[in-house]
Number of protein chains: 2
Amino acid sequence: MDIFTTMQEERGRLSQSENRIADIVLNDFEFAVNASIVELAGKADVSPPTVTRFCRRLGCESFSDFKVQLARTAYVGMRYFKPEPKSIAPADVAQDIITKAQNALFLLHRGLDIPAIEQASNRLAGAEMIYAFGSGGNSSMIASELQNRLFRLGLRVTASSDHSMQLMMAAAAKPTDVLIGSSLSGRNAELVRAFMLAREAKVPTIALTQSHSPVALAADITVPIDLPEGNNIYRPTSTRIAYLAVVDILASLVAYRIQPQATVTLRRIKQQLVTHRDGDDRQLLGD
Amino acid sequence: MDIFTTMQEERGRLSQSENRIADIVLNDFEFAVNASIVELAGKADVSPPTVTRFCRRLGCESFSDFKVQLARTAYVGMRYFKPEPKSIAPADVAQDIITKAQNALFLLHRGLDIPAIEQASNRLAGAEMIYAFGSGGNSSMIASELQNRLFRLGLRVTASSDHSMQLMMAAAAKPTDVLIGSSLSGRNAELVRAFMLAREAKVPTIALTQSHSPVALAADITVPIDLPEGNNIYRPTSTRIAYLAVVDILASLVAYRIQPQATVTLRRIKQQLVTHRDGDDRQLLGD
DNA sequence: GAATCCTGCAAATTATTTTCTTGATACGTT
DNA sequence: AACGTATCAAGAAAATAATTTGCAGGATTC
């Protein structure tokens, strides 16, 4: 666990002096990582020993250990508390976007439901046919990414972003198939309907979505992805990056599970690309 | 600049004692962030003052400042030096993928050519029509992402992953249009050809690709994206995430540039989605 | 052979932690 | 209700540990 989370969780259980320290660290992180124990104590209006005790309570060895822990999570974790970019200068915009993306990955990792992912990858690895569903600019990309990643492993996959097709496919699917759907908001009603249909037909379903959302509830297995969205309307979706990472993880696990088969297929695809020299992802298959 | 890069760059200019310190820090990072100056000095077989001088030379205020800097970059930067995941246990695979993705973002940020990005976004903002090209599972995704992001801003865009279409479009484009192409490897010959065609017709071209690659050389403006690929054949493309981030940055800058127009279009699209309730990216337009 | 630079020693300084003590609060007892 | 005791927080001072500075010897280079 990282120190920031710990600090926020412990917040209630701390004494008032300790809370003041926590406040300062949380608010003025830059100051905190650079300050000595005396400076920090001074600013919080407490004595140095209190700071030491504060660090210990948070599970650190010592004050300097605390600072290291702090600096450690800072790069990613901290920025989460910072609001919008300082300016719209290109460098700031770039930094903001990259930071947000890193943050999304950070938070994703924190909240990842490993057992669910494992279960999902097992299902996928054993499926006779996989249907990947998603609509809207973002989820449809996830769906095709699933297709893209899984077909390379020698699996039978089709992706669809078309609601009507999704319903028909869900109706046509067999219990030995798997239906996997993505919805960033978790409120894609059509996808829910497709999942319902699948459920009636005993087709296993996997959802990549926000937990407790309608889509999540409609699926057999949910791989929850819960991230706060930034609020700049021009700046969507570091969330999408988190989804892609999840697809990456799923595909990797499936690959490990069906290793021999996958190697052969990959080699064949690669051969194809090298021979033709016009593909654009030779490198991406490894070299 | 981060301390790791600095350390590696300074490596040659350091004295032997200092080099020994650098070695230890580079190799056993975990030890280094936790050690006191005496411990570190002991392990490197030098005196504590030498360690202090070492830190100063690297541009740090003091030893503790050095440790903070170290811990700071560690989360992302350090992992870069670590090899493949420890095991194929789901949790390790997940961590590996996420770390690699964060790393890609980190390296992207480090190597970002801001002026090029700014230039590119200006061109895009002023284009009468935008053609977004990319082939192969990955770059075609980038192309459609460009389309997806830019059309929301009220720009005229079309994306194509079809070589023949690309050539025809390049031939049909006017000097007031812009052609933007993505190639992860930089060796997509067809894209190079399309760029050549565009050049003849004085159509401005933008490339998202590896610097110094054929594609980069064929374009007017190159936004270089240089990242080392991991070598696990099942594990492609934290690179793709970096490309997406670049698209995000470009789109944001374009948005800022044409603000009033963009707001209106976004509102309209959003209206559309809310009314129909079946889209999946209401949130992604902001709220 | 001179100058420069590296390096460690010892001293000085600074930072951190431990110990001890005080004061406050809560709880149980009369 | 009042008193006493236990418990805990928090600071002061002392002790300890860590870090830095100044200085001098030694190596290296020109």
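To find a chain, count down the sequence lines: A is the first, B the second, and so on, and within it residues start at 1.
Summarising the geometry, the separation between CZ on B/Arg20 and P on C/dT7 is reported as 8 Å, rounded to the nearest angstrom. Taking atom NZ of residue B/Lys67 and atom C1' of nucleotide D/dT19, one finds them 11 Å apart after rounding to whole Å. The interatomic distance linking A/Leu40 (CG) with C/dT14 (C1') rounds to 17 Å, in whole Å. If you measure from atom CD of A/Glu18 to atom P of D/dA9, you get 7 Å, rounded to the nearest angstrom. Spacing between atom CZ of A/Arg57 and atom P of C/dT17 amounts to 16 Å, rounded to whole angstrom units. The CD-C1' distance, from B/Glu39 to D/dT19, rounds to 14 Å in whole Å. Between the CD atom of B/Gln16 and the C1' atom of C/dT7 there is a distance of 10 Å, given to the nearest Å. Rounded to an integer number of Å, the gap from CG of B/Asn19 to P of C/dC5 is 18 Å.
In this structure, A/Val51 reaches neither bases nor backbone, as no heavy-atom distance under 4.0 Å exists between it and the strands shown. Residue-level contact check: A/Ser62 touches the backbone only, with heavy atoms under 4.0 Å from sugar-phosphate atoms and none from bases. Note on B/Arg56: only backbone sugar-phosphate atoms sit closer than 4.0 angstrom, heavy atoms only; bases stay farther off. A/Asp65 comes within contact range of no nucleotide atom at all, as no heavy-atom separation falls under 4.0 Å.
A salt bridge does not link A/Glu18 with A/Arg53: every distance from a Lys NZ or Arg NE/NH1/NH2 to an Asp or Glu carboxylate oxygen is 4.0 Å or more. Taking the charged nitrogens against the carboxylate oxygens, A/Asp28 and A/Lys43 do have a contact shorter than 4.0 Å, which makes a salt bridge.
For A/Ile37, whose side chain is taken as the heavy atoms from C-beta onward, the closest listed nucleotide among D/dT19, C/dT17, C/dT7 is C/dT17. Checking D/dA10, C/dT16, C/dT17 against every side-chain atom of A/Val38, the shortest atom distance belongs to C/dT16.
Between B/Arg53 and D/dT19, a side-chain N or O to OP1/OP2 separation shorter than 4.0 Å is absent. Contact check, A/Thr50 against D/dG11: a side-chain N or O comes under 4.0 Å of OP1 or OP2. Put simply, A/Ser17 has no side-chain N or O that comes within less than 4.0 Å of OP1 or OP2 on D/dA9.
Contact annotation: the side chain of B/Val254 never approaches that of B/Asn122 to less than 4.5 Å [non-hydrogen atoms, C-beta and beyond].
The 5' end of DNA chain D is approached more closely, in terms of each residue's nearest nucleotide, by A/Pro49 than by the other of B/Glu61 and A/Pro49. Position along DNA chain D of the nearest nucleotide to B/Phe63 versus A/Ser15 favours A/Ser15 as the more 5'-ward residue. Nucleotides of DNA chain C nearest to A/Thr52 and B/Val46 differ in position, and the one nearer the 5' end is that of B/Val46.
In this structure, B/Phe66 has its ring center under 6.0 Å from that of B/Phe54.
Across all non-hydrogen atoms, the minimal contact from B/Ala242 to B/Leu108 is O-CD2, 3.6 Å.
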